[in-house]
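Below is one structure, written out as structure tokens, with a few remarks after it.
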Protein chains: 2
Amino acid sequence: MNAQVTAAYNGHAASLSHRRGLVLARRLTCRTDEPLFHEGDAIDHRYEVVSGAVRACKLLPDGRRQILEFYLPGDVFGDDELDTCHGFSAEAAGIDETVLLQTRQRPMAAHTAVDPETMLRMRDQALRSLDMTRSRLLILGRLEAPERLAAFLLEMELRLVGRPPAREATPFVLPISRRDAADYLGITPETLSRCIQDLRRRAVIDVVRQRQVTILDRRTLVDMSCGAAAFSGGCPGHAQRLPAVA
Amino acid sequence: MNAQVTAAYNGHAASLSHRRGLVLARRLTCRTDEPLFHEGDAIDHRYEVVSGAVRACKLLPDGRRQILEFYLPGDVFGDDELDTCHGFSAEAAGIDETVLLQTRQRPMAAHTAVDPETMLRMRDQALRSLDMTRSRLLILGRLEAPERLAAFLLEMELRLVGRPPAREATPFVLPISRRDAADYLGITPETLSRCIQDLRRRAVIDVVRQRQVTILDRRTLVDMSCGAAAFSGGCPGHAQRLPAVA
DNA sequence: CGCGCAATTGACACGTCTCAATTCGAGTGG
DNA sequence: CCACTCGAATTGAGACGTGTCAATTGCGCG
């Protein structure tokens with residue numbers, strides 16, 4: 001982890017603590033593919049993505065890789081594991097550079113003493129994450145490559161441009177490489193590329209310079225994805241209002 | 001839901017509440033394939049499996065199905081969702097009959113007032129479940145059919161016969177149909193059958209009467225599964241000692 | 001302008017799905 | 001106790017989708 005490090009007070013850092021008051025965070029600037037932690041490493045930090053992207057992935061001994069999740073600007077990660085060491089690895093995945101805020105973090109087991117509100121928030125976040133991961137089980141287990149791509153494009157549009165996209169589709173720029181997208185979808189880059197080109201030929205999407213995507217025919221994508229897209233609702237580690245509680 | 005219902009005090013029911021004292025639970029006896037709830041139904045109950053098995057699954061409009069999880073005797077489910085309605089359906093999957101304990105349950109959002117210890121336990125359970133589901137992402141996304149089967153057999157042995165299996169392998173009986181196992185692994189029953197027969201021919205496993213499995217060569221299964229098997233540790237909704245807390 | 005890596009394209013092999021036929025196993029009735 | 005029956009599981013043949021490997025194109029950067 002040779003990222004350039006700058007001590008920084010408050011600012012964005014405040015949103016990491018979820019407590020009122022001042023928080024000390026480090027600002028990390030990572031080059032593409034730079035590891036933040038590996039599977040098996042001790043859990044001792046918590047991260048918030050400022051810009052770029054992070055991939056959470058599991059590796060097989062023979063090099064096969066499954067990306068569990070992408071963390072995009074605003075997402076928080078590193079605090080959603082039970083054990084004292086990580087069950088997956090995390091690496092900067094942004095095309096150019098990825099900027100993060102890092103705060104110290106004790107393993108979960110020691111967190112008994114925190115206030116009930118924080119505990120509730122953490123549980124809700126875990127359940128949100130669980131729900132999203134379950135949706136992805138359906139995608140990886142039962143959708144074919146073109147269907148997975150459709151679900152992926154809808155998910156990315158939702159996360160990058162926001163909720164109900166305007167009548168005129170807003171273009172968005174995928175912050176990750178083709179290989180990463182393929183490893184997220186459980187297919188090869190070649191198959192992904194063929195599926196993308198097919199959607200282009202059929203004028204379902206427009207792609208310029210390999211990264212910028214415009215959805216021309218959302219209806220077709222929704223049909224293709226069989227409504228299986230993850231992110232009907234919340235994002236991975238994204239802070240959200242608590243539901244009104246009794 | 002036409003299950004035979006019997007009011008029952010305490011006994012097993014006590015383990016549902018995780019509080020000291022008496023709890024009222026209903027005892028359900030379900031025939032195979034009988035639904036407990038559907039995706040979209042309001043969340044209003046919590047279940048503990050007594051005997052048989054339950055499958056949690058997501059459906060596609062065209063009938064494709066992905067089983068998210070099997071709940072086996074001792075497992076608790078129905079209380080691990082954030083929303084007010086279920087994100088998946090649950091059906092009895094036991095070969096003969098499945099017996100459950102059912103208790104009333106308010107949706108999660110209203111749970112602010114519960115004691116911190118319960119909250120902590122719920123969060124830990126969600127994180128355990130999340131970890132297992134992430135492992136399954138790797139299995140469904142990156143393992144081939146024979147590898148998935150290997151991981152599945154190891155998982156089932158662990159859940160049905162317990163931790164470090166003796167030198168002489170203990171036979172166990174799969175409590176589910178081939179179709180359910182296939183839908184759990186994201187493959188077809190035909191492919192599953194072929195993989196099973198292959199392991200038999202190679203004397204890696206022994207199968208009698210289609211259900212009873214004995215692992216003859218665990219080493220080979222472990223190698224095949226690439227160490228990707230879910231359940232290195234805990235089970236789905238299985239009550240576990242809390243880690244010692246500060 | 002040209003280097004270098006990522007992305008695309010093509011040809012082919014292989015794994016899994018599909019559909020149909022057969023066998024197996026549990027339960028029933030003679 | 002044994003035939004019969006029905007559904008589940010297995011087996012086979014062929015089609016299709018995806019993976020593999022190599023060649024080509026495209027894009028960003030010096």
Side-chain angles (χ1 to χ4, degrees), chain A residues 31-33 53 55 60 62-66 93-97 139-150 152-153 173-202 205-213 224, chain B residues 31-33 53 55 60 62-66 93-97 139-150 152-153 173-202 205-213 224:
Chain A
R31 294 185 310 282
T32 305
D33 296 334
R55 59 177 178 250
L60 253 26
D62 62 5
R64 283 177 287 180
R65 188 178 70 159
Q66 177 62 47
I95 292 299
D96 9 75
E97 72 177 20
I139 293 174
L140 294 185
R142 287 309 186 190
L143 293 195
E144 310 207 311
E147 301 170 324
R148 298 183 198 190
L149 172 57
F152 173 70
L153 291 173
V173 176
L174 293 176
I176 54 167
S177 71
R178 285 283 193 276
R179 161 149 291 283
D180 283 350
D183 281 343
Y184 182 70
L185 297 176
I187 59 181
T188 59
E190 291 92 335
T191 296
L192 174 58
S193 180
R194 281 183 252 269
C195 292
I196 291 174
Q197 303 313 321
D198 183 60
L199 288 182
R200 292 180 66 176
R201 273 190 293 274
R202 292 161 50 196
I205 62 173
D206 181 52
V207 180
V208 308
R209 289 209 312 288
Q210 298 176 147
R211 290 273 126 66
Q212 179 182 317
V213 177
M224 284 180 66
Chain B
R31 295 185 310 281
T32 305
D33 295 335
R55 59 177 178 251
L60 252 26
D62 62 5
R64 281 176 289 180
R65 188 177 71 158
Q66 177 62 46
I95 291 300
D96 10 73
E97 73 177 19
I139 293 174
L140 295 185
R142 284 310 185 191
L143 294 195
E144 311 207 311
E147 301 170 325
R148 297 183 199 191
L149 172 57
F152 173 70
L153 291 173
V173 176
L174 294 176
I176 53 167
S177 72
R178 286 282 192 277
R179 162 148 290 285
D180 283 351
D183 281 344
Y184 181 70
L185 296 177
I187 58 181
T188 59
E190 291 93 335
T191 296
L192 174 59
S193 181
R194 281 183 252 268
C195 292
I196 290 175
Q197 303 313 322
D198 184 58
L199 288 182
R200 291 180 65 177
R201 272 189 294 274
R202 291 162 51 196
I205 61 173
D206 181 52
V207 180
V208 307
R209 289 209 311 287
Q210 295 175 149
R211 289 273 127 64
Q212 180 183 315
V213 178
M224 283 180 67

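Quantities reported herein were computed from a predicted structural model and do not represent experimental measurements.
- For A/R65, the side-chain hydrogen bond (donor to acceptor under 3.5 Å, both in side chains) test picks out A/D180, A/D183, with sequence neighbours left out.
- In summary, contact between chain B and DNA chain D, defined as any nucleotide atom under 4.0 Å from a heavy atom of the protein, begins and ends at D/dA9 to D/dA13 in the 5' to 3' direction.
- Of all heavy-atom pairs spanning B/R211 and B/S177, the tightest one is NH2-CA, 3.9 Å.
- Projected onto DNA chain D by closest heavy-atom contact, B/V207 and A/A145 fall at different nucleotides, the more 5' of which corresponds to B/V207.
- Residues A/G186 and A/Q66 share a closest heavy-atom pair of CA-OE1, 3.8 Å.
- Computed from coordinates, the A/I196 CD1 to C/dA6 C1' distance equals 12 Å when rounded to whole Å.
- Nucleic acid contact for A/R211: sugar-phosphate only, since backbone atoms but no base atoms lie under 4.0 Å from a heavy atom of the residue.
- Atom CZ of B/R142 sits about 9.5 Å away from atom CG of A/L60, to the nearest 0.5 Å.
- For the pair A/M224 and A/P146, the tightest heavy-atom approach, listed with the atom from each and the gap, is CE-O, 3.3 Å.
- Listed by chain and number, the residues in a side-chain hydrogen bond (donor to acceptor under 3.5 Å, both in side chains) with B/E147 are A/R64 (sequence neighbours excluded).
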Are any protein N/O atoms closer than 3.5 Å to N/O atoms in nucleotides 21-26 of chain C? If there are, list each pair with its distance.
residue: C/dA26; atom: OP1; partner: B/R209; partner atom: NE; Å: 3.0

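- Judged by distance alone, the side chain of B/T32 and the main-chain N or O of B/G94 form a donor-acceptor pair under 3.5 Å.
- Note: CG (A/L143) to C1' (C/dC17) measures 16 Å, nearest angstrom.
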Identify all side-chain donor-acceptor contacts of residues 191-199 of chain A below 3.5 Å with residues at least two apart in sequence or on another chain.
residue: A/T191; atom: OG1; partner: A/T188; partner atom: OG1; Å: 3.1
residue: A/Q197; atom: OE1; partner: A/R200; partner atom: NH1; Å: 3.4
residue: A/D198; atom: OD2; partner: A/R202; partner atom: NH1; Å: 3.1

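- Summarising the geometry, the separation between CG on B/D62 and C1' on C/dT18 is reported as 14 Å, rounded to the nearest angstrom.
- Put simply, CG on A/D198 is 13 Å from P on C/dG10, counting in whole angstrom units.
- With sequence neighbours left out, the salt bridge (Lys or Arg N to Asp or Glu O under 4.0 Å) criterion links A/D33 to A/R55.
- Contacts between residues 187-195 of chain A and DNA chain D, defined by a heavy-atom separation under 4.0 Å, are made by A/I187, A/T188, A/E190, A/T191, A/R194.
- Distance CG (B/L140) to P (C/dT16): 13 Å, rounded to an integer number of Å.
- Summarising the geometry, the separation between CZ on A/R64 and C1' on C/dG15 is reported as 13 Å, rounded to the nearest angstrom.
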Checklist entry - Step by step, would you call A/L140 with A/R148 a side chain to side chain contact (heavy atoms under 4.5 Å, CB included)? => result CA-CA 8 Å; A/L140 294 185; A/R148 298 183 198 190; 3.9 Å; yes

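- Remark: P of C/dC5 and CG of A/D96 are 18 Å apart, rounded to the nearest angstrom.
- Taking five base pairs at each end of the helix from C/dC1-D/dG30 to C/dG30-D/dC1, the local helix axes there meet at an angle of 30°, rounded to 10°.
- A/V213 approaches A/I205 most closely through the heavy-atom pair CG1-CB, 4.5 Å.
- Contact check for A/L143 versus A/L185: no side-chain heavy atoms found under the 4.5 Å cut-off.
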